[in-house]
Amino acid sequence: MNREELSKLYKEYKLTKEDVFKHKHYVIITRSGIEKIQNKANINIKFEVVEASKEFCIVKATGTYKMKEIETFGSALYGTKSQNESGKWVDNGTTQSWYVMEIAEKRAMSRIVLKLTGFYEYNHFGEDESDDFKK
């Protein structure tokens, strides 16, 4: 990892300690940090619903930044924690929220912003990308 380049990104987008936190193997950028980056970079995002039901949703995000356009996806599957046969607690979905459309949109937004600005290259992810990424 090139610390100089990463430090430059933090300064460019005015990220503070409140905008990031460490999680196991990654650095997580908070929802407010993602919003900061998007606004500072003036990233234009268009969303398209690919599939939607009461319990599942896929959203495609198309983002434009500095003459570069990319697409990515966000998805959410409602589920709860339950115990399997061996008594281990497991998730049977990707979110415990019934707001699967909104969760999928947040995940797509986080991914497009972090991919376009180069944060993904440094193992930085958005806190909305997984329920496991919460503080």
Side-chain angles (χ1 to χ4, degrees):
M1 168 178 17
N2 185 330
R3 289 190 182 275
E4 273 184 39
E5 289 180 26
L6 187 56
S7 177
K8 200 167 150 183
L9 283 175
Y10 274 63
K11 287 176 185 168
E12 181 178 349
Y13 297 110
K14 300 184 184 335
L15 295 179
T16 65
K17 289 179 185 177
E18 291 76 36
D19 297 320
V20 298
F21 62 92
K22 289 286 280 173
H23 179 272
K24 295 180 187 173
H25 312 289
Y26 312 109
V27 175
I28 306 301
I29 300 180
T30 64
R31 160 72 19 217
S32 61
I34 298 291
E35 298 279 346
K36 243 188 221 186
I37 296 167
Q38 182 191 12
N39 290 330
K40 181 84 171 125
N42 196 25
I43 295 172
N44 182 27
I45 304 172
K46 292 181 182 171
F47 297 99
E48 177 187 333
V49 176
V50 176
E51 186 176 330
S53 70
K54 181 180 175 184
E55 296 181 354
F56 179 69
C57 184
I58 300 173
V59 173
K60 177 171 89 172
T62 304
T64 307
Y65 173 62
K66 292 185 177 178
M67 304 298 288
K68 182 179 177 182
E69 183 177 279
I70 65 170
E71 294 178 346
T72 192
F73 296 85
S75 64
L77 171 64
Y78 174 77
T80 57
K81 290 187 183 282
S82 59
Q83 282 185 306
N84 64 15
E85 303 82 38
S86 63
K88 183 179 177 186
W89 285 95
V90 294
D91 288 325
N92 61 3
T94 62
T95 184
Q96 293 183 19
S97 170
W98 279 106
Y99 299 106
V100 292
M101 177 75 74
E102 292 84 348
I103 299 295
E105 179 189 34
K106 286 179 182 182
R107 290 175 178 175
M109 178 185 170
S110 290
R111 289 180 182 139
I112 203 89
V113 167
L114 297 177
K115 284 183 176 193
L116 282 169
T117 55
F119 282 96
Y120 252 40
E121 296 172 36
Y122 297 103
N123 287 324
H124 281 56
F125 298 94
E127 75 174 326
D128 295 319
E129 292 187 69
S130 172
D131 281 356
D132 292 340
F133 289 172
K134 300 296 179 195
K135 256 188 182 173

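Keep in mind that this is a model prediction, so the values were computed, not measured.
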Would you call Lys106 and Glu102 a salt bridge, taking side-chain N to carboxylate O under 4.0 Å as the test?
no
Return the minimal non-hydrogen interatomic distance between Ala104 and Cys57, and the atom names on each side.
CB-O, 3.8 Å
Look at the side-chain heavy atoms of Ile, Leu, Val, Met, Phe, Trp and Tyr, link any pair under 4.5 Å apart, and say whether Val59 and Trp98 land in one connected group.
no
Supply the atom-to-atom distance Gln38 CD to Leu114 CG, rounded to the nearest 0.5 angstrom.
10.5 Å
Given the rule in the salt bridge (charged side-chain N to carboxylate O under 4.0 Å, His left out) test, do Glu4 and Lys8 qualify, once you have shown the distances and angles that lead to the verdict?
CA-CA 6 Å; Glu4 273 184 39; Lys8 200 167 150 183; over 6 Å; no
Ring pair (Phe, Tyr, Trp, His ring centres under 6.0 Å) partners for Tyr10, two or more places apart
His124
Nearest 0.5 Å, please: how far is OG1 in Thr62 from CD1 in Ile112?
6.5 Å
Are side-chain N/O atoms of Ser97 and Thr95 paired as donor and acceptor at under 3.5 Å?
no
Sequence neighbours left out, what passes salt bridge (charged side-chain N to carboxylate O under 4.0 Å, His left out) with Lys36? Give chain and number order.
Asp19
Whichever hydrophobic residues join Met67 through chains of side-chain contacts under 4.5 Å
none
If Ile, Leu, Val, Met, Phe, Trp and Tyr residues are connected whenever their side-chain heavy atoms lie under 4.5 Å apart, and connections chain through other members, are Phe73 and Val100 in the same group?
no
Can you confirm whether Thr117 sits close enough to Lys40 that some side-chain heavy atom of one is under 4.5 Å from a side-chain heavy atom of the other?
no
Spell out, yes or no, whether Tyr99 and Ile34 are grouped together once hydrophobic residues are joined by side-chain heavy atoms under 4.5 Å, including indirect joins.
no
Considering only heavy atoms from C-beta outward, does the side chain of Met109 approach that of Ile45 to under 4.5 Å?
yes
Kindly say whether Thr80 contributes a backbone atom to a donor-acceptor pair with the side chain of Asn92 at under 3.5 angstrom?
yes
Going from CG on Asn42 to CD1 on Ile37, what distance comes out if it is rounded to the nearest 0.5 angstrom?
14.0 Å
Once salt bridge (charged side-chain N to carboxylate O under 4.0 Å, His left out) is applied, what residue pairs with a partner in residues 49-72 remain, sequence neighbours excluded?
Glu48-Lys60, Lys60-Glu71
To the nearest 0.5 Å, how far apart are CD in Glu127 and CD1 in Ile28?
8.5 Å
For Ser110 against Arg31, the heavy-atom pair lying closest together
OG-NH2, 3.4 Å
Which distance, rounded to the nearest 0.5 Å, do you find between the CE of Met101 and the OG of Ser53?
9.0 Å
Honestly curious: do Leu77 and Val50 fall in one hydrophobic cluster under the side-chain, below-4.5 Å linking rule?
yes
Among residues at least two apart in sequence or on other chains, which ones pass salt bridge (charged side-chain N to carboxylate O under 4.0 Å, His left out) with Glu12?
none
Interatomic distance, CD1@Ile43 vs NZ@Lys115, rounded to 0.5 Å, equals 13.0 Å
Do Leu15 and Phe125 land in one hydrophobic cluster if side-chain heavy atoms of ILVMFWY residues count as linked below 4.5 Å?
yes
Does any pair with a residue in residues 42-70 pass ring pair (Phe, Tyr, Trp, His ring centres under 6.0 Å), and if so which ones, sequence neighbours excluded?
none
